Amino acid sequence: QPQLVESGGGLVQPGGSLRLSCAASGFAAAGLTWDVYTITWFRQAPGKEREALSCIRGEDIVTDYTGSVKGRFTISRDNAENTVYLQMNSLKPEDTAVYYCAARFLRCSHYAKDMNYWGEGTLVTVSS
């Protein structure tokens, strides 16, 4: 069974940075080709709906969905390491949320219902 595992969350002060990782495993064992899956980072703040932040297809085709993180968050991917990253800079208290990565076959989507696989999430707290 394919799995995604997020890591890198934690407590950070406003203005600080974090890099989240999404490590994929089990795709080859399931007969699936990891690098044809798009990866989208979502987040869900307390009391709010889950929102898509950014999607990457291959190693260099990026679609950004959320204007509030534009210029501050950057998605990247290393297929050799089966890992997708989310570099988060200039963090604000309103970025506090559980961050999830999700995989979808072939095409990016900002709809959570379109994802094929999900990680369990990693909590990011931005506070002084």
Side-chain angles (χ1 to χ4, degrees):
Q1 176 74 4
Q3 284 192 321
L4 301 173
V5 178
E6 303 93 338
S7 62
L11 174 64
V12 63
Q13 291 189 340
S17 297
L18 282 175
R19 188 175 80 155
L20 305 183
S21 298
C22 171
S25 63
F27 280 75
L32 304 173
T33 304
W34 151 251
D35 55 7
V36 301
Y37 279 79
T38 66
I39 297 293
T40 301
W41 281 99
F42 290 79
R43 69 182 178 186
Q44 187 164 20
K48 295 190 175 182
E49 291 191 358
R50 196 168 294 191
E51 65 171 342
L53 302 176
S54 188
C55 176
I56 190 163
R57 185 171 137 215
E59 289 191 330
D60 56 4
I61 301 172
V62 173
T63 303
D64 293 318
Y65 296 120
T66 303
S68 64
V69 306
K70 191 172 183 179
R72 300 189 298 123
F73 290 11
T74 303
I75 193 171
S76 63
R77 179 173 185 157
D78 185 341
N79 278 343
E81 297 294 327
N82 288 354
T83 303
V84 175
Y85 303 97
L86 185 68
Q87 178 67 42
M88 306 188 296
N89 299 326
S90 303
L91 283 160
K92 305 175 182 180
E94 52 264 41
D95 294 318
T96 295
V98 178
Y99 284 71
Y100 300 89
C101 62
R104 183 180 191 237
F105 182 66
L106 276 187
R107 292 180 181 164
C108 285
S109 171
H110 61 282
Y111 295 110
K113 66 179 178 62
D114 289 340
M115 301 298 119
N116 301 122
Y117 303 102
W118 285 90
E120 294 293 318
T122 185
L123 176 64
V124 172
T125 303
V126 185
S127 175
S128 54

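The structure presented is a predicted model; accordingly, all values stated were derived computationally and were not measured.
- Residues L18 and I39 fall within the same hydrophobic cluster, defined by Ile, Leu, Val, Met, Phe, Trp and Tyr side chains chained together at heavy-atom separations under 4.5 Å.
- Considering T40, T63, V62 in turn, V62 is the only one that fulfils the side-chain contact (heavy atoms from CB on, under 4.5 Å) rule with I75.
- Within the 4.5 Å cutoff, the side chain of T66 has no heavy atoms near those of the F73 side chain.
- To the nearest 0.5 Å, atoms CG (N82) and CZ (R77) are separated by 8.5 Å.
- Nearest heavy atoms, D95 versus S90: OD2-O, 4.4 Å.
- Annotation: the span from E94 atom CD to S68 atom OG amounts to 8.0 Å, rounded to 0.5 Å.
- Under the 4.5 angstrom side-chain criterion for Ile, Leu, Val, Met, Phe, Trp and Tyr, Y111 has no cluster partners at all.
- Each of L106, L32, L4 was checked for a side-chain contact (heavy atoms from CB on, under 4.5 Å) with Y37, and the lone residue meeting it is L32.
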Contacts under 3.5 angstrom, residues 114-128 side chains, donor-acceptor by atom type, not counting sequence neighbours:
| residue | atom | partner | partner atom | Å |
| --- | --- | --- | --- | --- |
| D114 | OD2 | S109 | OG | 2.6 |
| N116 | OD1 | F105 | N | 2.8 |
| T122 | OG1 | G9 | N | 3.2 |

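- Closest heavy-atom contact between S76 and V84: O-CG1, 3.2 Å.
- To the nearest 0.5 angstrom, R50 atom CZ is 15.0 Å from H110 atom NE2.
- Cluster membership for L20 and V12, using ILVMFWY side-chain heavy atoms within less than 4.5 angstrom, is shared.
- Neither Y100 nor V69 shares a network with the other; the hydrophobic side chains, linked directly or stepwise wherever heavy atoms of I, L, V, M, F, W or Y lie under 4.5 Å apart, form separate groups for each.
- Between F27 and W34, the two ring planes are perpendicular [angle over 60°; tilted spans 30° to 60°].
- The backbone N or O of G26 lies less than 3.5 Å from no partner atom in the side chain of Q3, so there is not a single donor-acceptor pair.
- With a 4.5 Å cut-off between side-chain heavy atoms of Ile, Leu, Val, Met, Phe, Trp and Tyr, the cluster of Y85 takes in none.
- In this structure, CD1 in I56 is found 10.0 Å from OG1 in T38, a value given to the nearest 0.5 Å.
- Checked against Y99 for a side-chain hydrogen bond (donor to acceptor under 3.5 Å, both in side chains), the options R43, E6, Q44 give a single hit: R43.
- Across all non-hydrogen atoms, the minimal contact from F42 to A102 is CE1-CB, 4.0 Å.
- The two residues C108 and Y65 come nearest to each other via the heavy atoms CB-OH, 3.4 Å.
- More than 12 heavy atoms of other residues, nucleotides or ligands lie within 6.0 Å of CD in E51, so this atom counts as buried by the packing criterion.
- With a 6.0 Å radius and a threshold of 12 heavy atoms from other residues, nucleotides or ligands, R107 has its CZ atom at or below the threshold.
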